[in-house]
A.B. asks: 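Sharing a structure, written as structure tokens. Questions coming.
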Amino acid sequence: MENLLRTGIREAVMSLYGTDISDDQLQIQKTRKEFEGDLTLVSFPLTAISHHSPEQTAGEIGEYLAVHLHAVSGYNVIKGFLNVTIAPAEWAKRLQKIADVSNYGFSIPEPGAETVVIEYSSPNTNKPLHLGHIRNNLLGFSLSRIFEAAGNHVIRTNIVNDRGIHICKSMVAWQKYGGGATPASTGKKGDHFVGDFYVLFEKNLKAEIEELVTSGSTPDEARDKAPLMKEARRMLLKWEAGDPETVSMWQMMNAWVYEGFDVTYRALGVVFDKIYYESDTYKVGKEIVLRSLEEGDLIRKDDGSVWIDLTADKLDQKLLLRSDGTAVYMTQDLGTAVIRYNDYHFNRHIYVVGNEQNYHFQVLALTLLRMGYDWAGGLHHFSYGMVELPEGKMKSREGTVVDADDLIAEMTETATIMSQELGKLGGYSITERENICRQIGLGALKYYILKVDPKKNMTFNPAESIDFNGNTGPFIQYTYARIRSVIKKAEETGVTDSTVTFDNANLNIKEINVIKLLNDFPSLVQEAATELSPALIANYCYDLAREFNQFYHDLSILSENDITLRSLRLKLSEMTGRVLENGLWLLGIEAPERM
RNA sequence: GGCCCUAUAGUUCAAUGGAUAGAACGCGGGUUUCCUAAACCUGAAAUUUAGGUUCGAUUCCUAGUGGGGCUACCA
């Protein structure tokens with residue numbers, strides 16, 4: 001529609017002023033709601049060509065369009081803005097056209113489509129997932145679907161930080177205080193079971209440190225020589241040396257954690273195509289660092305540690321191997337990137353990781369480029385902001401961390417209570433009820449997080465912020481469920497007529513508003529992929545649901561006597577339902593048939 | 001100290017350099033014989049400060065102020 005107008009205006013300018021115009025001179029936007037019209041030309045940039053006032057220029061072009069373009073049914077000029085009205089019949093034609101496209105808005109990967117690796121989640125195996133991980137998982141998963149819908153090959157991947165001193169801490173605590181208990185013997189979820197031992201370790205370590213400090217040590221010294229800390233370090237050395245007993249305990253405890261993570265991932269509805277483990281990739285990282293050192297790209301200091309000098313790129317020197325030859329975080333990520341490139345030959349690799357690691361990912365990409373891996377130009381850090389609570393940052397030490405499993409349960413619970421209060425659950429089986437409430441609770445949670453611009457910090461208020469009214473997931477889900485209900489009723493009563501065409505249908509303003517939005521969806525999917533923005537999809541779904549509700553509210557669909565009109569409204573409803581379903585799909589939110 | 005991100009109604013979020021800065025929650029007022037009232041309509045309420053670029057700045061640039069992050073031989 002916009003392209004139609006674009007070429008029309010080009011012709012108009014050519015015929016009126018004898019000049020061709022550039023794209024940035026030709027500014028078309030949607031007409032604001034309060035003015036009459038559908039599309040608006042901003043005439044200010046054209047005054048240099050027309051040598052007339054903005055108003056006059058707009059008027060002349062508008063007149064030309066009204067005469068020469070039959071799709072244009074009218075125009076008005078306000079200040080320098082030319083508001084063009086598209087004939088309702090054009091919109092009806094457009095509706096017919098988009099209705100004929102299958103899998104509306106989604107593209108299928110073509111030969112030559114880009115391969116995109118998306119890494120998200122990236123948990124440590126010493127603690128259960130929390131609210132911060134939820135934002136990460138939801139963003140990562142939604143992005144993966146958006147990329148897929150935009151026609152890319154997508155590989156969803158996860159790097160599990162399964163080794164290191166923090167893992168040893170929970171191992172030490174379990175060995176010392178566990179008394180042979182297991183998740184099965186205690187009935188606890190595996191990740192919480194292990195996480196509790198980690199907390200116990202930290203608690204007892206803190207006590208030891210305090211004791212040492214009161215007997216005269218500095219805090220740093222105390223931390224260094226605390227017996228528990230020594231034990232954890234000893235454990236790490238044994239693990240790195242491949243001590244069979246330590247390794248088998250490590251495997252057992254990690255298996256418990258993975259079982260727990262699986263439950264949380266399933267509840268969140270996220271999946272992975274390939275999981276990498278740091279315990280595998282850090283070795284490759286060491287190898288490539290050492291090779292690169294031989295080739296002379298890196299610096300070895302007197303103590304034996306290996307560094308890369310990035311001062312020429314306005315960054316610092318960065319450690320790649322410790323003086324004792326062991327790997328650091330960066331080493332492991334270098335290895336993971338190289339392995340992944342060898343596995344998939346990706347065009348792009350997106351890391352969904354919090355913005356506190358911006359520096360780390362700058363260094364990572366630069367280091368790989370410096371080492372001669374040209375594909376590192378395709379690495380992209382999708383950096384998102386932190387989730388804060390109304391009372392401030394989440395701090396594990398102060399116990400203010402919001403646990404992922406608790407939150408999911410709480411959301412489902414709230415949905416159940418609200419549904420009961422509204423008397424929504426009559427006539428459903430217990431399984432159906434539970435399923436609907438789960439869908440709604442998670443819909444609320446997911447939408448609440450995804451509608452926010454990812455790069456900004458966000459505040460999450462578990463008590464108040466999650467709502468089921470207004471700009472929320474359940475509002476969109478509810479709209480969808482009502483649409484399904486209308487369609488179902490139409491089928492039951494046989495009022496559908498699929499043979500009707502709409503080419504000359506007489507549409508009102510609300511119907512046109514819905515068509516306009518539907519028309520935008522395919523390009524929006526592409527834009528969301530380009531901008532890496534689930535929020536774009538989320539806010540679009542809300543707009544569409546809201547617009548549809550206005551349409552829906554004061555029109556009778558099923559009881560309309562005019563067959564064409566009734567069919568058209570049903571068609572509009574059905575398409576809105578499909579687009580909402582697709583939009584929610586992109587966000588990883590389920591669309592309930594009833595609620 | 002250096003580097004990065006951020007600042008919009010009471011609150012949580014929007015706004016490719018364009019018109020009178022949109023929503024939602026909360027607060028005030030209304031609409032149910034009718035396809036789901038978890039809906040719809042309606043009122044009050046905001047761009048951190050000072051400069052600059054521009055026909056036009058919430059948006060771009062510079063500086064200040066507030067908030068957050070990074071600057072580990074932690075991950």
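A note on names: the letters A, B, ... follow the listed sequences, proteins ahead of strands, and every chain is numbered from 1.
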A.B. asks: Measuring from the side chain of Tyr478(A) (C-beta onward, heavy atoms only), which nucleotide among A39(B), G69(B), A19(B) has the closest atom?
C.D. replies: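 From the listed options, A39(B) comes nearest.
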A.B. asks: Sorted by first residue and then second, give each salt bridge (charged side-chain N to carboxylate O under 4.0 Å, His left out) pair with at least one member in residues 31-58 of chain A; sequence neighbours left out.
C.D. replies: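 Matches after skipping sequence neighbours: Arg32(A)-Glu34(A), Lys33(A)-Glu547(A), Asp38(A)-Lys516(A).
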A.B. asks: Taking CZ from Arg32(A) and C1' from A19(B), how many angstroms apart are they, rounded to a whole number?
C.D. replies: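 Nearest whole value for this atom pair: 6 Å.
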A.B. asks: State, to 0.1 Å, how close Asn136(A) and Val352(A) come at their nearest heavy-atom pair, and which atoms those are.
C.D. replies: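 Asn136(A) and Val352(A) have their closest heavy atoms at ND2-O, 3.0 Å.
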A.B. asks: Distance check needed: G2(B) C1' versus Asn358(A) CG, whole Å only.
C.D. replies: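 To the nearest whole Å, that distance equals 16 Å.
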A.B. asks: Are Phe81(A) and A19(B) stacked, counting the six-membered base ring, centres under 5.5 Å, planes under 30°?
C.D. replies: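 So Phe81(A) counts as stacking on the base.
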A.B. asks: With a non-hydrogen cut-off below 4.0 angstrom, is Val42(A) in contact with a base, only sugar-phosphate, or nothing?
C.D. replies: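 Counting heavy atoms under 4.0 Å across all strands, the contact made by Val42(A) includes a base.
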A.B. asks: I want to verify a distance call: between G69(B), U20(B), A39(B), whose nearest atom is closest to the Lys79(A) side chain?
C.D. replies: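 Closest nucleotide to the Lys79(A) side chain: U20(B).
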A.B. asks: To the nearest angstrom, how far is Glu55(A) atom CD from G18(B) atom C1'?
C.D. replies: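 Going from Glu55(A) (CD) to G18(B) (C1'), I get 14 Å.
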A.B. asks: What is the nucleic acid contact for Asn469(A), judged by heavy atoms within less than 4.0 Å: base, sugar-phosphate only, or nothing?
C.D. replies: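 Sugar-phosphate only.
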A.B. asks: Quick check on U32(B): syn or anti? Syn means the glycosidic torsion is within 90 degrees of zero.
C.D. replies: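 With its glycosidic angle within 90° of zero, U32(B) counts as syn.
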A.B. asks: Tell whether Ser419(A) reaches the base of A38(B) with its side chain through a donor-acceptor pair below 3.5 angstrom.
C.D. replies: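 Yes, the side chain and the base share a sub-3.5 Å donor-acceptor pair.
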A.B. asks: So does Lys225(A) have more than 12 non-hydrogen atoms from other groups sitting under 6.0 Å from NZ?
C.D. replies: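 Result for NZ/Lys225(A): enclosed.
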A.B. asks: Tell me whether Arg163(A) forms a cation-pi arrangement with Tyr282(A), defined as NZ or CZ under 6.0 Å from the six-membered ring centre and within 45 degrees of its axis.
C.D. replies: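 Here Arg163(A) passes the 6.0 Å and 45° test against Tyr282(A).
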A.B. asks: Decide, yes or no, whether a salt bridge links Arg438(A) with Glu590(A) under the criterion of side-chain N to carboxylate O below 4.0 Å.
C.D. replies: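 A salt bridge links Arg438(A) with Glu590(A).
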A.B. asks: Could you check which of C74(B), A19(B), C13(B) has an atom nearest any side-chain atom of Asn83(A)?
C.D. replies: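 Out of C74(B), A19(B), C13(B), the nucleotide with an atom closest to Asn83(A)'s side chain is A19(B).
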A.B. asks: Looking across every strand, which nucleic acid part, if any, lies under 4.0 Å from Asp162(A) by heavy atom: base, sugar-phosphate, or nothing?
C.D. replies: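 Result for Asp162(A) = nothing.
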A.B. asks: Below 3.5 Å, does any donor atom in the side chain of Lys424(A) face an acceptor in the base of U36(B), or the other way round?
C.D. replies: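 Donor-acceptor pair under 3.5 Å: yes.
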A.B. asks: Could you work out the separation of G29(B) and A46(B) based on their C1' atoms and round it to a whole Å?
C.D. replies: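 The same atom, C1', in both gives a distance of 23 Å.
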A.B. asks: Please determine whether a side-chain nitrogen or oxygen atom of Arg482(A) lies at a distance below 4.0 Å from atom OP1 or OP2 of C40(B).
C.D. replies: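 Indeed not, no polar side-chain atom of Arg482(A) lies that close.
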A.B. asks: Whenever both distances are under 3.5 Å in a Watson-Crick or G-U wobble pair, mark it; put RNA chain B into dot-bracket that way, with [ ] for crossing pairs and | when the partner is on another strand.
C.D. replies: (((((((..((((....[...)))).(((((.......)))))....(((((..]....))))))))))))....
A.B. asks: Could you check which of A19(B), A14(B), G18(B) has an atom nearest any side-chain atom of Gln27(A)?
C.D. replies: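 The closest nucleotide is G18(B).
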A.B. asks: In whole angstrom, give the distance that lies between atom OH of Tyr448(A) and atom P of A14(B).
C.D. replies: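 The answer, rounded to whole Å, is 11 Å.
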A.B. asks: Does this structure show an ion pair linking Asp324(A) with Arg322(A), if we count only N-O contacts that are shorter than 4.0 Å?
C.D. replies: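 Between Arg322(A) and Asp324(A) there is no salt bridge, as every charged N stays at least 4.0 Å from the carboxylate O atoms.
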A.B. asks: Quickly work out the Lys30(A) NZ to A14(B) P distance and round it to whole Å.
C.D. replies: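 Taking NZ of Lys30(A) and P of A14(B), I get 18 Å after rounding.
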A.B. asks: Hey, does Gln550(A) reach any base, or is it just sugar-phosphate, or nothing, if we go heavy atoms under 4.0 Å?
C.D. replies: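 Sugar-phosphate: the residue Gln550(A), judged by heavy atoms under 4.0 Å, touches backbone atoms but no base.
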A.B. asks: Would you mind classifying the nucleic acid contact of Met458(A) as base, sugar-phosphate or nothing, using non-hydrogen atoms under 4.0 angstrom?
C.D. replies: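 Since only primed, P, OP1 and OP2 atoms lie under 4.0 Å of Met458(A), the category is sugar-phosphate.
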A.B. asks: Touch check for Tyr359(A), heavy atoms < 4.0 angstrom, all strands: base, sugar-phosphate only, or nothing?
C.D. replies: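 Tyr359(A): backbone/sugar contact only, no base atoms under 4.0 Å.
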A.B. asks: From the set C35(B), A38(B), A39(B), return the single nucleotide nearest to any side-chain atom of Lys489(A).
C.D. replies: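 Per side-chain heavy atoms of Lys489(A), the pick is C35(B).
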A.B. asks: Looking at Lys318(A) and Asp309(A), is there a salt bridge between them, counting it only when a charged N and a carboxylate O are closer than 4.0 Å?
C.D. replies: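 The answer is no: the pair does not qualify as a salt bridge.
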A.B. asks: Side chains of Asn158(A) and Pro123(A), heavy atoms from C-beta outward: is any pair under 4.5 Å?
C.D. replies: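 Sidechains of Pro123(A) and Asn158(A): in contact.
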A.B. asks: Side chain of Val452(A) only, please: which of A14(B), A75(B), C40(B) is the nearest?
C.D. replies: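 Comparing A14(B), A75(B), C40(B) against the side chain of Val452(A), the answer is A14(B).
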A.B. asks: In whole Å, what separates the C1' atom of A57(B) from that of U16(B)?
C.D. replies: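 To the nearest whole Å, 14 Å.
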A.B. asks: Using whole Å, what does the distance between atom C1' of nucleotide G22(B) and atom NZ of Lys451(A) come to?
C.D. replies: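 Checked: the NZ to C1' distance equals 14 Å.
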A.B. asks: Could you tell me how far apart Lys456(A) (NZ) and C13(B) (P) are, to the nearest whole angstrom?
C.D. replies: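 Interatomic distance, NZ of Lys456(A) to P of C13(B): 8 Å.
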A.B. asks: Can you tell me how far P in G64(B) sits from the matching atom in C5(B), rounded to whole Å?
C.D. replies: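 Going atom to atom, P in each nucleotide, I get 16 Å.
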A.B. asks: Please determine if Arg233(A) and Asp224(A) form a salt bridge, counting it only when a charged side-chain N lies under 4.0 Å from a carboxylate O.
C.D. replies: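 Counted as a salt bridge, because a side-chain N and a carboxylate O are separated by less than 4.0 Å.
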A.B. asks: Would you classify Leu321(A) as touching base, sugar-phosphate or nothing, given that sugar-phosphate means primed atoms plus P, OP1 and OP2, and contacts are heavy atoms under 4.0 Å?
C.D. replies: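 Counting heavy atoms under 4.0 Å across all strands, no contact is made by Leu321(A).
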A.B. asks: Check every strand shown and say whether Asp316(A) touches a base, only sugar-phosphate, or nothing at a heavy-atom separation below 4.0 Å.
C.D. replies: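 Touches sugar-phosphate only.
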A.B. asks: Base of A19(B), side chain of Thr40(A) - is there a donor-acceptor contact under 3.5 Å?
C.D. replies: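 Looking at the base of A19(B), it does pair with a donor or acceptor on the side chain of Thr40(A) (distance under 3.5 Å).
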A.B. asks: With rounding to the closest Å, how many angstrom separate the C1' atoms on U32(B) and C40(B)?
C.D. replies: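 Pairwise C1' distance, U32(B) against C40(B), rounds to 11 Å.
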A.B. asks: C1' atom, U8(B) versus G67(B): distance in rounded Å?
C.D. replies: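 That atom pair is separated by 15 Å.
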A.B. asks: Base, sugar-phosphate, or nothing: which does Phe35(A) touch, judged by heavy atoms less than 4.0 Å apart?
C.D. replies: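 Since a base atom lies under 4.0 Å of Phe35(A), the category is base.
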A.B. asks: Could you please name the option among G69(B), U20(B), C74(B) that lies closest to any side-chain atom of Ile165(A)?
C.D. replies: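 Nearest to the side chain of Ile165(A) among the choices is C74(B).
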A.B. asks: Once you apply a heavy-atom cut-off of 4.0 Å, does Phe44(A) come out as touching a base, just sugar-phosphate, or nothing?
C.D. replies: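 Result for Phe44(A) = base.
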A.B. asks: With sugar-phosphate meaning primed atoms plus P, OP1 and OP2, does Arg546(A) contact a base, only sugar-phosphate, or nothing at under 4.0 Å between heavy atoms?
C.D. replies: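 Result for Arg546(A) = sugar-phosphate.
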A.B. asks: Does atom CD of Glu413(A) have more than 12 heavy-atom neighbours, drawn from other residues, nucleotides or ligands, at distances under 6.0 Å?
C.D. replies: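 Open: at most 12 neighbouring heavy atoms sit under 6.0 Å from CD of Glu413(A).
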A.B. asks: In terms of side-chain geometry, is the basic nitrogen of Glu432(A) or Arg594(A) positioned less than 4.0 Å from the acidic oxygen of its partner?
C.D. replies: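 Salt bridge between Glu432(A) and Arg594(A), a charged N being under 4.0 Å from a carboxylate O: yes.
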A.B. asks: Counting the atoms with a prime plus P, OP1 and OP2 as sugar-phosphate, which does Leu555(A) contact under 4.0 Å by heavy atoms, base, sugar-phosphate, or nothing?
C.D. replies: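 Base contact.
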A.B. asks: Measure from the side chain of Thr31(A), starting at C-beta and using heavy atoms only, and say which of C35(B), C40(B), A19(B) lies closest.
C.D. replies: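 Of all the options, the side chain of Thr31(A) is nearest to A19(B).
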A.B. asks: Asp324(A) near the nucleic acid: base, sugar-phosphate alone, or nothing, with a heavy-atom cut-off under 4.0 Å?
C.D. replies: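 Contact class for Asp324(A): none.
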A.B. asks: Contact class for Ala481(A) (heavy atom, under 4.0 Å): base, sugar-phosphate, or nothing?
C.D. replies: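 If one applies the 4.0 Å heavy-atom cut-off, Ala481(A) turns out to touch a base.
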A.B. asks: I want to verify a distance call: between A39(B), A19(B), U36(B), whose nearest atom is closest to the His553(A) side chain?
C.D. replies: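 Per side-chain heavy atoms of His553(A), the pick is A39(B).
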A.B. asks: Measure the distance from OH on Tyr447(A) to C1' on A23(B) and round it to the nearest whole Å.
C.D. replies: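 These atoms are roughly 10 Å apart.
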